[in-house]
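These notes are about the structure you will find just below.
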Amino acid sequence: MAEFALPDTTDRDIIDKLCVGGIDVTLRKIFRRGGLTDEEVTDLALQLGQSRQLDQILTYRQTQAIKAPLLEGGSFVKLVRSHSSYCLSLTQEYLRQEGLQDDIPFAIVDSGWVGSIQQTLSHLLHREVEGYYFGLYELPGNVRADQYHTFAFAPWRDVGIKTRFSNCLFEAVCSSPKGMTVGYQRSADGRIAPVYEKDENPNADRVQANADVIRKAQTSSGGDLQPLLRLMSRPTETEAALYGNYLFSDDVNSNTLQEVASGSLSNSAWPEGLAVRTKKGFGQKACLAEVSMRKQLTYVRKKVMHRSVYR
């Protein structure tokens with residue numbers, strides 16, 4: 001939100017960052033990503049003639065199609081900017097307080113996926129920020145690729161690993177025990193502190209218990225990804241039952257939590273886990289093959305489209 005208040009952030013930048021796909025994206029969620037209040041959401045939907053469609057789940061294509069009317073109308077971006085201006089000064093003060101504006105080299109470490117946090121920090125700090133990631137599927141536009149370092153898989157490459165990997169399961173099991181940061185506030189002692197959507201991650205107890213086990217397993221395996229990829233892509237019934245009920249949200253706001261292995265194959269956060277939890281025998285094998293093929297086709301297509309972009 002703070003980035004949207006920067007003078008060189010265009011209306012199109014705002015729309016592109018808010019209208020992104022996900023498991024169960026709705027117009028209401030897009031509006032809430034921009035910080036709109038419930039009243040503003042209702043009024044804007046009425047202006048756009050979309051009141052009945054506010055909670056209709058959008059496909060990726062529909063999510064992209066909504067960009068044009070939101071951009072042309074102007075009201076949505078204006079509301080987003082009004083909320084973001086309040087966030088900017090506190091966010092920059094927090095970053096300054098934490099030493100990110102000191103004249104020393106530093107880097108961020110993140111699970112990854114698209115690298116947007118690094119790009120946002122670079123804009124807010126007015127300096128190039130370096131980042132290290134478990135993996136990246138793609139890069140933001142207009143960034144230096146050599147500043148984005150990956151371990152397991154790189155943008156538009158490593159199709160085999162991506163096909164067997166589940167970023168949603170990874171986040172559910174390995175995320176911070178704290179709740180989602182939604183802003184910053186000045187505390188009684190004058191310091192700036194994060195504001196959490198919820199006090200803690202709903203999986204907090206299990207996340208903390210898992211951390212040491214995962215660290216020891218990775219150390220003893222020398223960083224071998226095969227056990228992790230096998231669990232994610234071909235879980236046993238015990239593994240699917242154990243990990244499938246972790247709560248997860250892929251939205252920037254985590255107030256729409258669902259079990260990671262729930263829903264249908266087309267909108268589940270962990271479809272492989274769902275297939276093993278709900279199917280038997282040949283039906284299970286067919287579902288797992290369908291999920292694998294769909295993911296492989298997606299990553300092959302992206303690799304072909306962008307093969308000359310990332311070197």
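Positions are given from 1 along the sequence. The shown structure was predicted, so the numbers you read here are calculated from the model rather than taken from an experiment.
Residue pairs meeting the salt bridge (charged side-chain N to carboxylate O under 4.0 Å, His left out) criterion with at least one partner in residues 94-112, sequence neighbours excluded, are E98-R191.
Under the 3.5 Å distance criterion, with hydrogens and angles disregarded, no donor-acceptor pair is assigned to the side chains of T238 and T236. There is a side-chain donor-acceptor pair under 3.5 Å between Y246 and N210. For the residue pair R277 / N245, no side-chain donor-acceptor distance below 3.5 Å is found, with atom types taken as modelled.
Salt-bridge check for E138 with K302: passed, with a basic side-chain N closer than 4.0 Å to an acidic carboxylate O. A salt bridge links E3 and K17; the closest N-O separation between the charged side-chain nitrogens and carboxylate oxygens is under 4.0 Å. The pair K29-D55 does not count as a salt bridge, with every side-chain nitrogen at least 4.0 angstrom from each carboxylate oxygen. At a threshold of 4.0 Å, the pair E237-K280 counts as salt-bridged, since one of the basic side-chain nitrogens sits closer than that to a carboxylate oxygen. Salt-bridge check for D38 with R32: passed, with a basic side-chain N closer than 4.0 Å to an acidic carboxylate O.
Checked against side chain to side chain contact (heavy atoms under 4.5 Å, CB included), S262 has the following partners two or more places apart in sequence or in another chain: Q258, E259.
When R164, K295, R234 are each tested for a salt bridge (Lys or Arg N to Asp or Glu O under 4.0 Å) with E272, only one passes: K295. Tested against R12, the residues T9, I14, T10 include a single side-chain contact (heavy atoms from CB on, under 4.5 Å) partner, T10.
The closest donor-acceptor contact from the side chain of N267 to the backbone of S264 lies under 3.5 Å. Without hydrogens or angle criteria, Q64 side chain to C19 main chain gives a donor-acceptor distance under 3.5 Å. Looking at Q118, its side chain does come within 3.5 Å of a backbone N or O of Q147 through a donor-acceptor pair. Checked by atom type and distance alone, the side chain of Q92 pairs as donor or acceptor with a backbone atom of L124 at under 3.5 Å.
In this structure, Y137 and Y299 have parallel ring planes: the angle between them is below the 30° cut-off, well short of the 60° mark.
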**Message:** Checking Y94 against L100 for the side chain to side chain contact (heavy atoms under 4.5 Å, CB included) test, could you report, in this order, the C-alpha distance in whole Å, the side-chain angles of both residues, the deciding distance, and whether it holds?
**Reply:** CA-CA 9 Å; Y94 175 78; L100 271 71; over 6 Å; no
**Asked** What do the steps show when you test H126 against Q101 for side chain to side chain donor-acceptor pair (under 3.5 Å), and what is the final call?
**Response** CA-CA 9 Å; H126 305 293; Q101 292 188 336; over 6 Å; no
